Amino acid sequence: PDGSRRFTTLTNGGPLFVHVKDDKILRVTPIEFDAKDADSWSIDARGKRFTPKRKATVAPHAMSMKSVVYSDKRVLYPMKRVDFDPNGERNPQNRGISGYERISWDEALDIVSSEIKRQKQKYGPGSMTIAHGSHHQWGNVGYYLSSLLRFGNLIGFTRLSLNPDSWEGWYWGAQHHWGHSQRVGIAGNYGTVEDCLQEAEMMVFWSCDAESTNGGYMGFEGTQRRLWAKELGIEFVHIDPHYNPTAQLLGGRWIPIKPTTDPALAQAIMYVWVTEGLYDQEYVAQRTTGFEEWRDYLLGKEDGTPKTPEWQEPETGVPARVVRALARQWGGKKTYLAAGANGSGFGGAGRGATGAQWARCMVMMMAMQGLGKPGVNMGNLQAGTPLDHEFYFPGYADGGISGELVFNGNAVNNYQKMPHVITMNPVRQMIPKQQLPEAIINGKAEGYLWDGVATELQFAPFQYPMPGYSPIHMIYKYGGSYFSTLTESSRMVEAYRHDSIDCVVNQSIWMEGEAQFADIILPACTAFERYDIGEWAAGGGYLPHGFNGTNHRIVALQHKCIEPRGESKSDYEIFSLILQRLGLGAIFNEGCSELDWCKRVFNSSDVSKRISWKEFCKKGYYVVPAEKPALRSPVNFRWFAEGRMKDIQEAMPLPSQWAEDFGKGLQTPSGKLEFMPETLKRSDPNNPERPVLNRYIPAWEGPHSKELFGKYPLQMIATHSRYSFHTHVDGKNGFTQDITDHRVCIGGHYYWLVRLNARDAEARGIAHGDLVKVFNDRGAILCAAHVTSGVANGVVKSFEASAEYDLRELDGEQLEVGGCMNILTPSRSQQRGTSSMSPNSCLVEVMRWDGSRPGDA
Amino acid sequence: MDKWNLIVDVAQCHNCNNCVLAAKDEYVGNEFPGYSASHPKQGRGVIAIDSTYRGSSAMVDVAHRPKLCQHCDNAPCVAKGQGAVSKRPDGIVIFDPVKAKGRKDLVEVCPHGAVIWNEELELPQNWIFDAHLLDQGWNMPRCEQVCPTGAISSVKVSDEKMQALVQELGLEVERAELKPRVYFKNLYRETQVFIGGSLQLERDGLLDCAAQVEVALVKEGQELARTTSDLFGDFRFDGLEPNSGVYCLEISAAPGDAKTVQCDLKAESIVLEPFTL
Ligand SMILES: Nc1nc2c(c(=O)[nH]1)N[C@H]1C(S)=C(S)[C@@H](COP(=O)(O)OP(=O)(O)OC[C@H]3O[C@@H](n4cnc5c(=O)[nH]c(N)nc54)[C@H](O)[C@@H]3O)O[C@H]1N2
Ligand SMILES: Nc1nc2c(c(=O)[nH]1)N[C@H]1C(S)=C(S)[C@@H](COP(=O)(O)OP(=O)(O)OC[C@H]3O[C@@H](n4cnc5c(=O)[nH]c(N)nc54)[C@H](O)[C@@H]3O)O[C@H]1N2
Ligand code: SF4
Ligand code: SF4
Ligand SMILES: [Ca+2]
Ligand SMILES: [Ca+2]
Ligand SMILES: [Mo+4]
């Protein structure tokens, strides 16, 4: 009625209708289904029938998209650093200091393509690295695992070997107890929504803030289900240093805990179970191995210290009586353990020095309680809805148009259904991502692989540089997140300015802090300005069946809603133009526009069996009908608990990885849940930092770090921010700036928040809303203090992933004022023999800041 | 005639700010002549969340509440506006984007603090209930559409029916004299306070939580309420008037053995030190 056109798109926070008028986005709204869309499922539980709302819920970052599309921080033209002369002085020392001049696309493409050639000629393969963030705007075509990878493979690049940041403790720890290597050490959630609602009596949320992390991409799809659980009277417990929004909404007992001490609490609970006979002895006997040794450790037979509730009290800050009460309830009731964002994995507790110990404990606890029995499972109701798991549509990690057959799920799924030119990166050299600065500054680094194909792959160290390949001299950066997502991130400043780096290209949508360390900036456009296609929350690859966190499977054409702003272009087009200059244009694009690729993806999927391309383009989305009740997925681990063949849709482990007959048992060498993991015994038996027996080892940066703790007595956790998706949708003068729990405007500057307890604040003379300096030996950040009773004593709760990196000199001090909390976090790996991050074991001090402010002068 | 009302359940709001963002999305950069000029890109929007924490140590809760124009029937802004602010027959209050120019006084006149000042356009602006969308046939405002918990719901009914709903659902208003059209559920989570505590007892030389113990709340010799401690030994009396003075807690440690704890309730909720039976 108002003359606007309604398009569809998908975001990291859910699907949207995009209302456009005169080439301008008027508004974005959630998709509400119409009568023609497929019916919803229902679940019957305890005499009630539950059916989800007939719409797609969205996360706040999705609701903020318009503001970042139209942000005044968009890069609208190609730019060159003023003192970067590819044919003369390059002035690497001025990266991040000198300004930029606008150049034409022709000039930019010429410089970048000739630099790629020069690198190959001068140094040889591997001298260019491609560095990107883990998250990307949604879609199968434009995604980094798709177009960017295809581009990289066609020119050859040194890969950054990512640490399994989301999965950290699960990958390096839990995996050894229960397998699931292809899920990076966490479990699936099949059938658990129904089981939990029908059977569970209690849910223990442990390092789980589902209302903030949305299971990743699922908007608030799980919220309604958790409210059903509340309606059914399921009891809730929340173990978290932060009285987080999930606890705030659901209520139940909050158990505040000191960060990184969770394994001590877990062991004390298990101690009570052992001494009071509150565990499933038959299950332990039949489905697990190594329990006696573990039991003896709990009882103190091994080290003389029984792991009693009293033992853990000074460590965790949780009163012993509370531990006993919790252990008794848990032992006596059918309980769902909701660990981390997915319920069966993730959680900030996995990203501290004791992350692997904690995740290992989570699995051991479930092994004692009968994992898979009715009402006894892992899950937070965020995933495991009764959807159709066989209907095929590729997820983003299935490889898109990459042609890559090794580093994503392409070979398994996508490629067979959508044949396209195969590409391959002949450079085997890799840099461990967290050590990128050292690799550049010291010229060498050592890392351990994140490779989910097999548990064994994590044990073999790899070296940079790799004989035969060139060290890196060029960085092709995609986006600008590293100052706030890499640990001890100011290391990047020196790395960027290092002599050995001839050229830095940054292909960015926004002029974020890190972009300003580039020599050439190429303006990319948002997904609203180009075509793509995808399914909501479908990760694919290492996130198989990720869509089952939503209430309805939605496949959407991501329309090009508006023309690209300024001179920005889609990433795909930028790659295509660069490669054309290298004679590789046609190999890259196969003569296809992005919309052509969308159609190829559509045709390869089961959607094309249900509706025509034309209908799909017109309506914009397709709702996959829910599974017929009789064909719903069985419950995860039920088959295991009952000693049957695996009967869920997860095609893992690989055929060779079943120790018993195919289809029987877990991926572990014994096929059982292992208290004393065989894979560690075999391959890393004497690692004092990751012992086979999962003993409690206090954090190397924490209350036991005597000298440091004296200087910096507050434990900071900087976890995932609720209103932005990492750096996405933060800063950039967007809408989220004015959310009072996200940033606070003081004197015209928007500060990042640190939450601290009233007692800790009072001791430092800090009032709510004060400007504070948060600091340790690694740096100092100016933040706004949020004083609250919702944080445990001694804890500073902040968030990672500010999009602003803004270093100032104020009163003679170097202060970061954009909120890059990771400047303060340690870059050390959790344990020897792993490449892992531990940002949540970080000591800081906080003091009121009465000095000059960024707005002054 | 049917008119618009909004029901906000304070206990269901979890501060996701979707409603805040939807209002920014709708009004920033968009003009709806006759309804609204473009809103400022930065600054508090016409919807904002107010949070009230209560309690301490492990006994904490927080109430979040979207603050927005309450479309009062007896609105000081309409009175003062002299035509710059009008009340529509369907109950919605609109600040005229032309006539209200320069009227900063209309920001101050709102007792709910619901009006923002658009510096650039020199306009006072309120949340107009998305009247322009309702007039196009939308059946709810955007804040309701994006709310994941159901904390916000709009109802278009006659005033009589609304009053019946108020009775049925136990709804409350703020500043009844203004006759606001926004109604609240569970407002006590913001306006009232609680007294709570944890009970423990010694068993085999160790402290345990004391579950299932009866506690009575007594004021001036009169028992006001009675509860039992939960499995963590926690108990709580909620919905008390702030600054309501001295209360006694009678804790039935054993049959016939009641222990008494006294406390003076000020502006904030009280969480007692763990009490050993
Ligand atoms: N302290 C602390 N640090 C952490 C964590 C923590 O818990 N605490 N968590 C860790 C975890 S789990 C993760 S996953 C990482 C995430 O860390 P990152 O992956 O580094 O963060 P993102 O913000 O997702 O980075 C995405 C980047 O890609 C860019 N980008 C997105 N889409 C496009 C596109 O279409 N085109 C182009 N050209 N660019 C695009 C964005 O602008 C952004 O710069 O952070 C880790 N860091
Ligand atoms: N809105 C939004 N959603 C996201 C993301 C985002 O950036 N924004 N990122 C996505 C990604 S990539 C990932 S990996 C997931 C991450 O999902 P998670 O790993 O589950 O999320 P975190 O926020 O790191 O941690 C969850 C909770 O753990 C608590 N916590 C931190 N340290 C400790 C500890 O030592 N002990 C205990 N008991 N609790 C602790 C935090 O206070 C927090 O409430 O979220 C995804 N979802
Ligand atoms: S809330 Fe304020 S602006 Fe809205 S009608 Fe009432 S007095 Fe007027
Ligand atoms: S959308 Fe609903 S839950 Fe979210 S802040 Fe607004 S009222 Fe609260
Ligand atoms: Ca099926
Ligand atoms: Ca099926
Ligand atoms: Mo992650």
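Just so you know, these numbers come straight off a predicted model, no measurement behind them. Letters A, B, ... mirror the listed sequences (proteins, then strands); counts begin at 1.
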Exercise. Distance only, no hydrogens: is a donor on one side chain within 3.5 Å (strictly under) of an acceptor on the other, for B:His14 and A:Glu211?
Worked result: yes
Problem set entry | Closest non-hydrogen atom pair, B:Lys41 against A:Asn733 | CE-O, 3.8 Å
Problem set entry | Partner chain A: residue of B:Gly233, B:Ser51, B:Ala58 with the largest heavy-atom pair count (under 4.5 Å) | B:Ala58
For this session: May I ask you to check whether A:His768 and B:Tyr53 place their ring centers less than 6.0 Å from one another?
Result: no
Exercise. In terms of heavy-atom pairs under 4.5 Å with chain B, which of A:Thr308, A:Asp741, A:Ile25 leads?
Worked result: A:Asp741
For this session: Using a cut-off of 6.0 Å, state whether more than 12 heavy atoms not belonging to A:Glu313 lie near its atom CD.
Result: yes
Exercise. Can you check whether A:Arg321 reaches B:Ser198 side chain to side chain, under 4.5 Å on heavy atoms?
Worked result: yes
For this session: Count the heavy atoms of every other residue, nucleotide or ligand shown that sit under 6.0 Å from CD of A:Glu762, and state whether that count exceeds 12.
Result: no
Problem set entry | Interatomic distance, A:His61 atom NE2 to B:Asn17 atom CG [nearest 0.5 angstrom] | 13.0 Å
Problem set entry | pair B:Asn15-A:Arg722: side-chain heavy atoms closer than 4.5 Å | yes
Exercise. Between B:Asp130 and A:Arg27, is there a salt bridge with N-O shorter than 4.0 Å?
Worked result: no
Problem set entry | Closest-packed option against chain A by number of heavy-atom pairs under 4.5 Å, given B:Arg54, B:Arg142, B:His64 | B:Arg142
Exercise. Under 4.5 Å between any side-chain heavy atoms of B:Phe32 and A:Asp2, yes or no?
Worked result: no
Problem set entry | Minimum heavy-atom distance B:Pro148-A:Lys53, with the two atoms named | O-NZ, 3.2 Å
Exercise. Do A:Ser67 and B:Val28 touch side chain to side chain, with heavy atoms closer than 4.5 Å?
Worked result: no
Problem set entry | chain B contacts, top residue of A:Lys24, A:Gln224, A:His742 (heavy-atom pairs, under 4.5 Å) | A:Lys24
For this session: Please look at B:Leu201 and chain A and tell me whether the side chain, the backbone, both or neither of the residue comes under 4.5 angstrom of a heavy atom of that chain.
Result: neither
Seminar exercise, completed: Looking only at A:Thr57, A:Thr223, A:Ile739, the option with the highest number of non-hydrogen pairs under 4.5 Å against chain B is A:Ile739
Seminar exercise, completed: Scored by heavy-atom pairs under 4.5 Å with chain B, the best of A:Tyr723, A:Phe735, A:Trp254 is A:Phe735
Problem set entry | Side-chain ion pair, A:Arg324 and B:Asp208, N-O less than 4.0 Å | yes
Exercise. Which atoms of A:Ala59 come close to chain B, meaning under 4.5 Å heavy atom to heavy atom: side chain ones, backbone ones, both, or neither?
Worked result: backbone
Problem set entry | Distance (rounded to the nearest 0.5 Å) between B:Cys209 SG and A:Gln329 CD | 9.0 Å
Exercise. If you tally heavy-atom pairs under 4.5 Å against chain B, which of A:Val58, A:Leu26, A:Asn793 wins?
Worked result: A:Leu26
Problem set entry | Side chain / backbone / both / neither for A:Pro30 at chain B, heavy atoms under 4.5 Å | both
Problem set entry | For chain B, the option from A:His19, A:Glu221, A:Lys55, A:Met65 that forms the most heavy-atom pairs under 4.5 Å | A:Lys55
Problem set entry | Heavy-atom pair with the smallest gap, counting every atom of A:Thr29 and B:Trp138 | CG2-CH2, 3.9 Å
Exercise. Would you call A:Asp738-B:Lys24 a salt bridge at under 4.0 Å N-O?
Worked result: yes
For this session: To the nearest 0.5 Å, tell me how far B:Gln136 CD sits from A:Ser4 OG.
Result: 7.5 Å
Problem set entry | Structural part of A:Arg328 lying under 4.5 Å from a heavy atom of chain B | side chain
Exercise. Between B:Phe232 and A:Ile255, what is the shortest heavy-atom contact and its length?
Worked result: CE2-CD1, 4.4 Å
Problem set entry | A:Leu227 side chain reached by B:Gln12 side chain, heavy atoms, under 4.5 Å | yes
Exercise. Do you know which of B:Leu21, B:Asp25, B:Val62 has the most heavy-atom pairs with chain A at a distance under 4.5 angstrom?
Worked result: B:Asp25
Exercise. Rounded to the nearest 0.5 Å, how far does CD of B:Gln42 lie from CD of A:Gln737?
Worked result: 5.0 Å
Exercise. Highest number of heavy-atom pairs under 4.5 Å with chain A: which of B:Val20, B:Asp230, B:Thr149?
Worked result: B:Thr149
Exercise. For the candidates B:Gly45, B:Cys13, B:Ala11, B:Gly43, which exhibits the highest count of non-hydrogen atom pairs separated by less than 4.5 Å from chain A?
Worked result: B:Gly43
Problem set entry | Side-chain heavy atoms of B:Asn30 within contact of A:Lys66, under 4.5 Å | yes
